[in-house]
Amino acid sequence: MPNITALATTTEEIVLNQYRTNHTISPSHCLTMQTIEAARLEPGQVRVRNDFIQITAVMADLMTEHPGLPMPPYALGTPLWGGAVGTVTESAADLPVGSVVTHMSGWREETVAAAETFWPVPIEVLPGAEYVLNQGVTAYHGIVDIAQVREGDVVFVSGAAGGVGSLAGQIAKALGAKTVIGSAGSDDKVAYLVDELGFDAAVNYRTESIASRLQELAPEGIDVFFDTVGGDQFEAAVQAAAPGARFALCGALAGQIDGGDAGSPRLDIMTAIVKQIEIRPFSTFHTPHQIQAWNQHYGLWLSEGKIVFPHTIVNGGLEAAPAVLDGLLLGKFRGNVIVRLDRE
Ligand SMILES: NC(=O)c1ccc[n+]([C@@H]2O[C@H](COP(=O)([O-])OP(=O)(O)OC[C@H]3O[C@@H](n4cnc5c(N)ncnc54)[C@H](OP(=O)(O)O)[C@@H]3O)[C@@H](O)[C@H]2O)c1
């Protein structure tokens with residue numbers, strides 16, 4: 001059996017040591033790094049050493065006992081899971097050593113599993129293997145299938161500098177939206193949206209009134225609202241909606257991060273009725289069709305320069321990951337957040 005590195009007898013992983021019982025507790029407080037014996041390969045399995053792992057906001061929700069999400073919470077005493085990119089270092093299957101693959105066993109140095117649970121990364125068409133760690137399937141599904149953005153639309157994206165939002169706004173623009181407006185929590189992020197991601201305008205929700213800025217930026221109203229935040233940004237969007245506006249509800253970061261009812265807006269029902277706003281909440285289940293639809297456009301749009309992959313790579317190895325999740329919730333990073341694992 002060929003090896004590309006001397007195989008270690010132990011390996012490290014990050015496990016949930018206690019549930020996150022309220023939003024004031026940093027995720028890192030609930031996580032421990034532990035050393036375990038490296039698994040031996042069974043026939044049909046491969047060993048994959050992780051190079052990059054993805055960190056997303058929903059991981060903090062999955063650390064609570066009852067997250068109220070369409071997927072199960074993390075289990076106590078077991079490693080967290082999440083998107084990862086790695087390299088096959090040992091193989092007892094058809095997948096050769098050296099293959100670069102993506103999979104869902106993040107938060108650990110290495111994983112051993114059946115070869116068919118890993119997907120090859122198309123490194124020949126991507127600028128870097130880490131480019132597969134994006135939240136484009138959700139952004140594309142929300143913008144294309146749910147909000148049904150069309151040419152000439154005025155689109156407002158909340159949480160626009162985050163992993164999903166930063167792609168959603170660019171996808172809307174690539175589809176011919178006339179104006180794409182984003183909201184974010186700092187002036188730096190506002191500048192980033194306009195200068196680097198091609199948004200037409202952006203609003204700092206911490207220092208400006210979303211309602212009055214939307215009135216100014218979209219005097220005829222917004223046709224589409226792609227919402228990752230909820231709360232008062234949703235309320236402002238209802239007031240700013242054009243007749244027949246489509247609202248694609250993706251997430252409620254204000255509540256997920258601040259807790260309580262911060263993410264739960266009051267719906268001005270009369271305004272919604274008069275404007276006939278269509279409120280369309282959605283969950284993306286990453287069906288083969290959804291994945292394929294996004295991947296086709298992602299490769300094409302990247303090569304045409306129509307979109308960029310907004311991301312932050314943090315060095316520091318697996319041990320850095322818990323603090324990176326803390327920082328993500330505090331708004332420290334832009335775009336999709338990825339930790340690079342150390343390799344000896
Ligand atoms: N429906 C689906 O199928 C689906 C799938 C995937 C994800 N989601 C949801 O999509 C949303 C975005 O996910 P993501 O991974 O891309 O997260 P994200 O946007 O990267 O989340 C982190 C960002 O949240 C923002 N934030 C922090 N506190 C906030 C507050 N009080 N109000 C508003 N924004 C705040 C910060 O940006 P600022 O600095 O700009 O505040 C921070 O950078 C989440 O709600 C997630 O659960 C839904």
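Positions are given from 1 along the sequence. Predicted, not measured: the structure shown is a model, and the values here were computed from it. One-based numbering, in listed order, for ligands and for the atoms of each. Below, each value reflects all heavy atoms present in this structure, side chains not excepted, and no hydrogens, waters or symmetry copies.
- At least one N or O atom of Gly163, backbone or side chain, sits closer than 3.5 Å to an N or O atom of ligand 1.
- Of the listed options Cys250, Ser283, Gly251, Cys250 places a heavy atom closest to atom 8 (N) of ligand 1.
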Residue pair Tyr131, Leu302: steps toward the side chain to side chain contact (heavy atoms under 4.5 Å, CB included) verdict
CA-CA 10 Å; Tyr131 272 58; Leu302 278 175; 4.0 Å; yes
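- Contacts of Arg206 with ligand 1, taken as heavy-atom pairs under 4.0 Å, involve the side chain alone.
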What verdict does the ring pair (Phe, Tyr, Trp, His ring centres under 6.0 Å) test give for His311 and Phe333, after you've listed the backbone C-alpha separation in whole Å, the side-chain angles of each residue and the deciding distance to 0.1 Å?
CA-CA 8 Å; His311 64 292; Phe333 306 112; over 10 Å; no
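- Nearest non-hydrogen protein atom to atom 39 (O) of ligand 1 is Lys189 NZ, 2.6 Å.
- Shortest contact from atom 13 (O) of ligand 1 to any protein heavy atom: Val164 CG2, 3.8 Å.
- Of the protein's non-hydrogen atoms, Gln256 NE2, 3.9 Å is the one closest to atom 46 (C) of ligand 1.
- Within the 4.5 Å cutoff, no side-chain heavy atoms of Ile181 are placed close to those of Asp200.
- Relative orientation of the Tyr140 and Trp294 rings is tilted, given thresholds of 30° and 60° on the angle between their planes.
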Please step through side chain to side chain contact (heavy atoms under 4.5 Å, CB included) for the pair Met33 and Leu318, ending with a clear verdict.
CA-CA 8 Å; Met33 185 141 113; Leu318 187 61; 4.0 Å; yes
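- In this structure, Phe247 and Phe225 have perpendicular ring planes: the angle between them is above 60°, well past the 30° mark.
- Residues Asn315 and Arg340 meet the side-chain proximity criterion, which asks for heavy atoms closer than 4.5 Å.
- With salt bridges taken as basic N to acidic carboxylate O contacts below 4.0 Å, one links Arg47 and Glu110.
- Contacts of Ala252 with ligand 1, taken as heavy-atom pairs under 4.0 Å, involve the backbone alone.
- Nearest to atom 19 (O) of ligand 1 by heavy-atom distance, out of Gly335, Ala254, Gly162, Ala160, is Gly162.
- Heavy atoms of Ala161 come nearer than 4.0 angstrom to ligand 1 in no pair at all.
- For Arg334 and Tyr192, the positive end sits near the middle of the six-membered ring, less than 6.0 Å away and at most 45° from its axis.
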Which is it for Val46 and Phe118 under the side chain to side chain contact (heavy atoms under 4.5 Å, CB included) test, yes or no, and what are the steps along the way?
CA-CA 9 Å; Val46 295; Phe118 300 93; 3.5 Å; yes
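- Looking at ligand 1, you won't find any N or O of Gly159 less than 3.5 Å from one of its N or O atoms.
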Let's go through Thr24 and Asn22 carefully: what are the C-alpha distance in whole Å and the side-chain angles of both, what is the deciding distance for side-chain hydrogen bond (donor to acceptor under 3.5 Å, both in side chains) to 0.1 Å, and is it a yes or a no?
CA-CA 6 Å; Thr24 62; Asn22 76 63; 2.4 Å; yes
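- The Thr56 neighbourhood of ligand 1 comprises atoms 15 (O), with distances under 4.0 Å to a heavy atom of that residue.
- Looking from atom 15 (O) of ligand 1 to the surrounding protein, the closest heavy atom is Gln135 NE2, 2.7 Å.
- Near Phe333, the atoms of ligand 1 lying under 4.0 angstrom from a non-hydrogen atom of the residue are 43 (O).
- Looking from atom 23 (C) of ligand 1 to the surrounding protein, the closest heavy atom is Leu328 O, 4.1 Å.
- For Asp195, there are no side-chain hydrogen bond (donor to acceptor under 3.5 Å, both in side chains) partners, not counting sequence neighbours.
- Using a 30° and 60° split on the angle between ring planes, Phe309 and Tyr298 fall in the perpendicular class, above 60°.
- Atom 29 (C) of ligand 1 has Tyr205 OH, 3.4 Å as its closest protein atom, hydrogens excluded (heavy atom only).
- Residue contact check: Ala184 has heavy atoms under 4.0 Å from atoms 40 (O) of ligand 1.
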Side chain to side chain contact (heavy atoms under 4.5 Å, CB included) evaluation trace for His297 with Gln292:
CA-CA 9 Å; His297 287 87; Gln292 198 190 10; over 6 Å; no
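- Ranking protein heavy atoms by distance to atom 27 (C) of ligand 1, first place goes to Ile257 CD1, 3.2 Å.
- Close N/O approach between Gln233 and ligand 1 is not found [any backbone or side-chain N/O within under 3.5 Å].
- Contacts of Asp61 with ligand 1, taken as heavy-atom pairs under 4.0 Å, are absent altogether.
- Scanning the protein for heavy atoms near atom 40 (O) of ligand 1, the closest one is Gly185 N, 2.7 Å.
- The backbone and the side chain of Thr284 each have at least one atom closer than 4.0 Å to an atom of ligand 1 (non-hydrogen atoms only).
- With a 4.0 Å cut-off on non-hydrogen atoms, Thr228 touches ligand 1 through its backbone as well as its side chain.
- At under 3.5 Å, not a single nitrogen or oxygen of Leu249, backbone or side chain, sits near a nitrogen or oxygen of ligand 1.
- Considering both main-chain and side-chain atoms, Ser183 never comes within under 3.5 Å of ligand 1 through any nitrogen or oxygen pair.
- With contacts defined as side-chain heavy-atom distances shorter than 4.5 Å, the pair Leu341/Asp51 does not qualify.
- For ligand 1 and Gly331, the ligand atoms under 4.0 Å from any heavy atom of the residue are 36 (C), 39 (O), 42 (C), 43 (O).
- Of the charged side-chain nitrogens involved, none lies within less than 4.0 Å of a carboxylate oxygen, so that Lys178 and Asp223 do not count as a salt-bridged pair.
- Residue contact check for ligand 1: His141 places no non-hydrogen atom closer than 4.0 Å to it.
- Using a 4.0 Å cut-off to heavy atoms of Asp258, the atoms of ligand 1 that qualify are 31 (N).
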